[in-house]
Asks: 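This is the structure I want to talk about, given as structure tokens.
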Amino acid sequence: MKIYKIQADPRVKLDLKEATLFLKSRRKGLDVKFLNDYKNCLITLKTNPFFEVRYNNVRCMPLHVFKYMIHFNVDEANNIVLINAVISTYLDPNNSWL
């Protein structure tokens, strides 16, 4: 079984910070649950990153609990998953997706 290395664009850190601040403002502890959901998805991506291509060769994986999607590319030659963004599915894809 192939194991893929996860790399994240520096903007992903901002996406996660924005999401956690918003969720924390809604309910205490929701930010921690969100980050755990995100980390569980990363575990999946390490072994099975071949989710549907949505646009411009970018694949998307929905988080299990929260209405967010991880947008990423797969470099099969180097066994790397490059995460481009983590975006709320409530946002308009024409304005907020890559």
Asks: Spell out, yes or no, whether I80 and I83 are grouped together once hydrophobic residues are joined by side-chain heavy atoms under 4.5 Å, including indirect joins.
Replies: no
Asks: Check whether L35 and L14 end up in the same hydrophobic cluster, where Ile, Leu, Val, Met, Phe, Trp and Tyr are linked by side-chain heavy atoms less than 4.5 Å apart.
Replies: no
Asks: Got a second to check how far K2's NZ is from N79's CG, nearest 0.5 Å?
Replies: 4.5 Å
Asks: From L45 CG over to F51 CZ, what is the distance, rounded to the nearest 0.5 angstrom?
Replies: 6.0 Å
Asks: To check you understand the geometry: which heavy-atom pair defines the closest contact between A85 and D15, and what is its length?
Replies: CA-OD2, 3.3 Å
Asks: Hydrophobic cluster membership, with links at side-chain heavy-atom distances under 4.5 Å among I/L/V/M/F/W/Y: are F22 and V32 in one?
Replies: no
Asks: Considering only residues two or more places apart or on different chains, which pairs with a residue in residues 30-52 satisfy salt bridge (Lys or Arg N to Asp or Glu O under 4.0 Å)?
Replies: E52-R54
Asks: Could you walk me through whether F34 and Y68 pass ring-ring contact (aromatic ring centres under 6.0 Å, His included), step by step?
Replies: CA-CA 9 Å; F34 170 79; Y68 283 79; 5.0 Å; yes
Asks: Once rounded to the nearest 0.5 Å, what's the spacing between atom OH of Y38 and atom SG of C41?
Replies: 9.0 Å
Asks: Under 3.5 Å, is there a donor-acceptor pair between the side chain of N73 and the main chain of R59?
Replies: no
Asks: Same cluster for L16 and L23 if Ile/Leu/Val/Met/Phe/Trp/Tyr side chains link at under 4.5 Å?
Replies: yes
Asks: Is any side-chain heavy atom of T44 closer than 4.5 Å to a side-chain heavy atom of M61?
Replies: yes
Asks: Sub-3.5 Å donor-acceptor pair from the side chain of D9 to the main-chain atoms of R11, do we have one?
Replies: yes
Asks: Going from CG on L42 to CG on L63, what distance comes out if it is rounded to the nearest 0.5 angstrom?
Replies: 8.5 Å
Asks: Do F72 and F50 share a hydrophobic cluster, counting only Ile, Leu, Val, Met, Phe, Trp and Tyr and linking them when any side-chain heavy atoms are less than 4.5 Å apart?
Replies: yes
Asks: Rounded to the nearest 0.5 Å, how far does NE2 of H71 lie from CG of N84?
Replies: 9.0 Å
Asks: For residues C60 and M69, report the shortest heavy-atom separation together with the two atoms involved.
Replies: CB-CE, 3.2 Å
Asks: Can you measure from OG (S88) to CZ (F66) and round to the nearest 0.5 angstrom?
Replies: 11.5 Å
Asks: Which heavy atom in R26 sits nearest to a heavy atom in L30, and how many Å separate them?
Replies: CB-CD2, 4.3 Å
Asks: Just jot down the salt bridge (charged side-chain N to carboxylate O under 4.0 Å, His left out) partners of D75, sequence neighbours excluded, or say none.
Replies: none
